[in-house]
Amino acid sequence: MEYLNIQPLDFTKARILFAAYFLFPPVAGFIMAKFRWMQKATFLVMCLLIMSGLFHAQDWGLTIHPVLYRGHARGFHFYWPEVFALALIWATMLGDWKRFRFFPPGFWLYIIYCSVSLISIINAPVPLYSLFSAFKAFKIVVIFVATYNFIKNEDDIRYVLICLGIFMLWQLVAVLNQKYVLGIYQVWGTFEHQNSLCMFTIMIGMLFLAVAMGPRRKSSAFFLFLFVACAAIVQSTLSRAGLFIFAAGAVFVVFASLLDKVTRRRLGVLSTLGCIGVVGLAMTVDTIVARFQDYGNDESRRTREHLNISARMMLNEYPLGIGWNNFGVTINFPYHYSEHIDDWHRQNGNTVDRDYQKGIVESLWWLLLSETGYQGFISYLVIVVVFMWWNLRNAFYFRKKYLGAVSIGIFVGFTMNYLQSFLERVLTQPRNMMLWFILMAITARIMMWRKADKQRRKREARERIGQVPHERRIEMNEPVAV
């Protein structure tokens, strides 16, 4: 059992964090309330801070009670993007109080997920670790609220994508530096791991491609370039599943775009991408083939399978979950969930060190099931299904329009990430979570525009046939027939 052990340095951090989270945001929000350009600059800073590093991974933030632990939360961590998200919330709230939404669509679904996941703390060997994850999960939702209220029209969505594009261009710089200057085999940019970078890039790359193939805009060529940059990043990570998923997602987006409408420009984009793809593959095919033939591939597969078995054992014994963020505890001695792993090593003539700390399950879905139980897993699936459904409806309703292209890109990006989540748990990591929230906020905002547009059309239809109620006409200051 581990208890909270506050050190003198933590009190200094707490004072800094109090000023950052409770003093700076309202003051900055008050100053920015009437200046849209300041709000846009703040949003850009928020996006860039998500990098949490310049040329390699760093922790841009402060942690109260940090611990050395192989879990997905290692203390009460505060992320600097959250500070600027809070400033944006104050600015949009003070600048347009009537239109501000404290709880955007989907907000309560996520809060329910966090709440029911925390139920697993009753089984947690180290409850403090569960509180680490709960603190991170509840707090990071401010990114969702800030983005939703920041977006007021279609141009704001375009600006959000430009900010994310700048983010990815810097990742490309970091990746090229690691690959060609430092000579790193599998690059990770400023992320924790190459798979984290790969899945982040896939999620946003599909959106860039969909927008580039959507209705013609001045920025269409820029977004096509961003997609090519994303392709270069994914190739440089040499993630086997990532390479396949990225290609499959690109085909999905192209097919959906052509299904929406076949145009000469879209066929031209497809031809251009095909040529770039052939040249890029010719230049990197030896490296890719070597990656798929790596000696450690079979070992990696067996490790995933063994950890999945351990997760299933935990779920069978604790249907409510072994404890949020406690897999890293229970997978090790004296718990029995890794005995089959030790037996496998003994059968292969390897020495077993019980003090060696094993890792946590790679699959996001098995991690959710084992740590947060059926209730956490189901509530997470509800979020996934609802936002995917909204994206589908948005894409169909706004087909042949810019918002439809955005919805297609988000839908495909989410789909590819959820599929790869059978192998990776990166949606528990802060950078990927923040992008997930930004894209969900765009989805929720488009959904609200769709509903408002449908209501407007219905009202106009009633007006045309003279069926507007007497009271409604008075509210609209329209003449009423006598």
Side-chain angles (χ1 to χ4, degrees), residues 67-74 113-114 116-121 123-127 129-130 132-134 136-137 191-196 198-200 239-242 245 296-345 352-354 356-381 384 417-433 436:
V67 295
L68 292 175
Y69 169 60
R70 298 188 71 171
H72 47 86
R74 303 166 188 174
Y113 153 71
C114 294
V116 300
S117 295
L118 193 53
I119 294 174
S120 64
I121 197 173
N123 297 324
V126 186
Y129 291 174
S130 293
F132 288 165
S133 276
K136 179 182 77 171
F191 285 68
E192 299 94 328
H193 190 270
Q194 62 264 20
N195 289 332
S196 308
C198 182
M199 290 183 67
F200 186 103
S239 167
R240 290 165 296 156
I245 289 289
N297 290 344
D298 288 340
E299 183 68 23
S300 174
R301 177 183 56 79
R302 291 192 194 96
T303 300
R304 293 177 190 274
E305 292 173 352
H306 284 313
L307 291 173
N308 288 346
I309 293 172
S310 299
R312 189 182 302 115
M313 293 168 61
M314 295 177 194
L315 178 66
N316 290 337
E317 294 188 18
Y318 295 93
L320 293 180
I322 198 69
W324 208 353
N325 196 33
N326 270 256
F327 191 100
V329 176
T330 56
I331 193 63
N332 292 297
F333 184 79
Y335 299 93
H336 66 280
Y337 301 111
S338 63
E339 289 181 355
H340 62 286
I341 301 176
D342 294 340
D343 291 341
W344 184 84
H345 282 296
V352 174
D353 181 3
R354 286 190 167 185
Y356 174 75
Q357 296 296 298
K358 298 180 179 66
I360 63 178
V361 63
E362 296 289 343
S363 168
L364 171 68
W365 309 116
W366 275 117
L367 182 66
L368 289 171
L369 281 165
S370 59
E371 287 193 344
T372 64
Y374 287 109
Q375 76 284 357
F377 176 75
I378 292 172
S379 59
Y380 193 92
L381 281 186
V384 169
N417 262 255
Y418 297 146
L419 288 175
Q420 199 170 352
S421 290
F422 282 98
L423 302 174
E424 309 292 345
R425 60 176 187 275
V426 301
L427 282 179
T428 64
Q429 296 170 358
R431 296 168 181 83
N432 297 68
M433 285 181 69
W436 188 53

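Predicted model only: the values in this text are computed from it and were never measured.
Summarising the geometry of Tyr418 relative to Val384, their closest heavy-atom pair is CE1-CG1, 3.4 Å, with the distance given to 0.1 Å. Shortest non-hydrogen contact noted between Ser370 and Phe327 is OG-CD1, 3.5 Å. Considering all non-hydrogen atoms of both residues, Arg425 and Leu367 come closest at CD-CD2, 3.9 Å.
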Practice prompt. Output, in order, the C-alpha distance, side-chain angles, deciding distance and verdict of side-chain contact (heavy atoms from CB on, under 4.5 Å) for Thr303 and Ile341.
Written response: CA-CA 8 Å; Thr303 300; Ile341 301 176; over 6 Å; no

Worksheet entry | Residues Asn332, Ser338; criterion side chain to side chain donor-acceptor pair (under 3.5 Å); working and verdict | CA-CA 7 Å; Asn332 292 297; Ser338 63; 5.8 Å; no

Practice prompt. Under the side-chain contact (heavy atoms from CB on, under 4.5 Å) rule, what do Leu118 and Trp324 come out as? Steps first, then yes or no, please.
Written response: CA-CA 7 Å; Leu118 193 53; Trp324 208 353; 4.3 Å; yes

Item to complete: Might you work through the side-chain contact (heavy atoms from CB on, under 4.5 Å) test for Ile360 and Leu307, ending with a clear yes or no?
Response: CA-CA 7 Å; Ile360 63 178; Leu307 291 173; over 6 Å; no

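Taken to the nearest 0.5 Å, the OG atom of Ser117 stands 7.0 Å off from the CG atom of Leu368. Going from atom CG of Asn432 over to atom CE of Met199 covers 7.0 Å, rounded to the nearest 0.5 Å. Atom CD of residue Glu362 and atom CG of residue Leu423 lie 9.0 Å apart, to the nearest 0.5 angstrom.
Taking the side chain as every heavy atom from C-beta outward, Glu371 and His72 approach each other to under 4.5 Å. Proximity of Asn417 to Trp436: side-chain heavy atoms (C-beta onward) are nowhere separated by under 4.5 Å. Under the 4.5 Å side-chain criterion, counting only non-hydrogen atoms from C-beta, Tyr337 is in contact with Glu317. In this structure the side chain of Val126 never reaches within 4.5 angstrom of the side chain of Tyr69, judged on heavy atoms. Between Trp366 and Arg312 there is a side-chain heavy-atom pair separated by less than 4.5 Å. Here the side chains of Tyr380 and Leu427 are in contact, with some heavy-atom distance below 4.5 Å. Counting heavy atoms from C-beta outward, Thr372 and Val116 have side chains that stay 4.5 Å or more apart. A heavy-atom distance below 4.5 Å is found between the side chains of Leu320 and Gln375.
Relative to the six-membered ring of Phe200, Arg431 misses at least one condition, a distance below 6.0 Å or an angle of at most 45° to the axis.
Proximity of the aromatic rings of Tyr129 and Phe132 is defined here by a centroid distance below 6.0 angstrom, and this criterion is met.
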